[in-house]
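Note that the numbering runs from 1 along the sequence shown for the chain.
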Amino acid sequence: MTLHDFVAPYEFLIGTWEGPGRGYYPTIEDFQYRESITFSAAPGKPFLKYEQHTTSPDGAAMHTEVGYLRPHEGGFIEFVLAQPTGQTELLEGTATVNDDNSLTMVLGYSEIANTTTAKFVEATIRHYVFNPDRTAVYTEFDMAAVGQEMQQHLSSELHKQEPTTD
């Protein structure tokens with residue numbers, strides 16, 4: 001598949017990433033979860049499709065979101081997300097290769113739209129730190145919502161899954 005020039009540096013994302021996570025926030029009880037993130041490409045298009053699912057430790061569905069990662073020149077990235085909880089997130093940030101060849105993506109500018117029936121989310125920040133060989137990623141999701149100041153809400157450690165062959 002021919003990837004768009006902006007997408008090619010992020011080809012390593014394509015596939016499925018899975019692993020455990022935990023959540024906490026002042027308004028809820030702490031919890032554990034399993035997370036799965038899948039990135040896929042459309043030939044020649046300047047974005048990657050994104051789909052995320054979380055389940056409880058016993059496999060019950062918890063959350064999902066879908067969207068697009070839109071890389072640009074100079075490490076500038078945009079993330080466009082929709083959630084069934086009634087929010088959309090428009091995030092902007094940077095991707096930076098560190099001295100040890102790990103990659104840090106920080107999406108620190110966000111605009112959130114909430115439906116009239118959704119819990120109010122004011123702002124979010126997403127952090128992704130990929131290990132030097134791009135086989136694992138540590139994620140953090142920070143949120144200002146329901147009257148609380150910006151603080152960490154979720155964290156996970158995901159590993160790239162090997163494609164299955166039939």
>> Distance check, rounded to the nearest 0.5 Å: Glu92 atom CD versus Ser110 atom OG?
In response: 10.0 Å
> Out of curiosity, Leu69 CG to Tyr10 OH, how far, rounded to the nearest 0.5 Å?
Replying inline: 7.5 Å
> Who else is in Val129's hydrophobic cluster (ILVMFWY, side-chain heavy atoms under 4.5 Å, direct or via others)?
Replying inline: none
Grab the two heavy atoms, one from [X] and one from [Y], that are nearest each other, plus how far apart they are.
X: Gln152; Y: Tyr25; value: O-CD1, 4.3 Å
X: Gly44; Y: His4; value: O-CD2, 3.4 Å
X: Gln148; Y: Pro26; value: OE1-CG, 3.3 Å
X: Pro46; Y: Pro71; value: O-CD, 3.9 Å
X: Trp17; Y: Thr135; value: CZ3-C, 3.7 Å
X: Gly86; Y: Ala118; value: O-CB, 3.7 Å

Honestly curious: do [X] and [Y] fall in one hydrophobic cluster under the side-chain, below-4.5 Å linking rule?
X: Phe39; Y: Phe130; answer: yes
X: Ile14; Y: Ile37; answer: yes
X: Val137; Y: Leu91; answer: yes
X: Met105; Y: Leu3; answer: yes
X: Met1; Y: Tyr68; answer: no

Can you list everything that forms a side chain to side chain contact (heavy atoms under 4.5 Å, CB included) with [X]? Sequence neighbours excluded, please.
X: Thr88; answer: Ala82, Ala113
X: Ser156; answer: Tyr33, Glu35, Thr139, Leu158
X: Val121; answer: Gln87, Ile112, Asn114, Thr124, Met143, Ala145
X: Lys119; answer: Val146

>> Checking Glu157 now: which residues fulfil side chain to side chain donor-acceptor pair (under 3.5 Å) with it, not counting sequence neighbours?
In response: none
>> Run the side chain to side chain donor-acceptor pair (under 3.5 Å) test against His53 and tell me which residues pass, sequence neighbours left out.
In response: Glu51, Thr64
> How about Arg34 and Pro20: do any of their side-chain heavy atoms sit closer than 4.5 Å?
Replying inline: yes
Side-chain donor/acceptor of [X] to backbone N/O of [Y], under 3.5 Å:
X: Lys49; Y: Thr38; answer: no
X: Asn98; Y: Asp100; answer: no
X: Thr54; Y: His63; answer: yes

>> Show me the pairs that pass ring pair (Phe, Tyr, Trp, His ring centres under 6.0 Å) and involve residues 78-126, at least two apart or across chains.
In response: Tyr50-Phe79
>> Just checking Asp58: does its CG atom have more than 12 heavy atoms from other residues, nucleotides or ligands closer to it than 6.0 angstrom?
In response: yes
Looking at residues at least two apart in the chain, or sitting in another chain, which of them share a ring-ring contact (aromatic ring centres under 6.0 Å, His included) with [X]?
X: His159; result: none
X: Tyr24; result: none
X: Phe76; result: His72

> If you look only at pairs with a residue in residues 126-149, which of them pass as a salt bridge (Lys or Arg N to Asp or Glu O under 4.0 Å), with sequence neighbours excluded?
Replying inline: Glu65-Arg126, Glu89-Arg126
> Per the side-chain contact (heavy atoms from CB on, under 4.5 Å) rule, which among Leu13, Val106, Leu107 passes with Tyr128?
Replying inline: Leu107
> When you look at Leu103 and Phe12, which way does the side chain to side chain contact (heavy atoms under 4.5 Å, CB included) test go after all the steps?
Replying inline: CA-CA 11 Å; Leu103 177 75; Phe12 72 92; 3.5 Å; yes
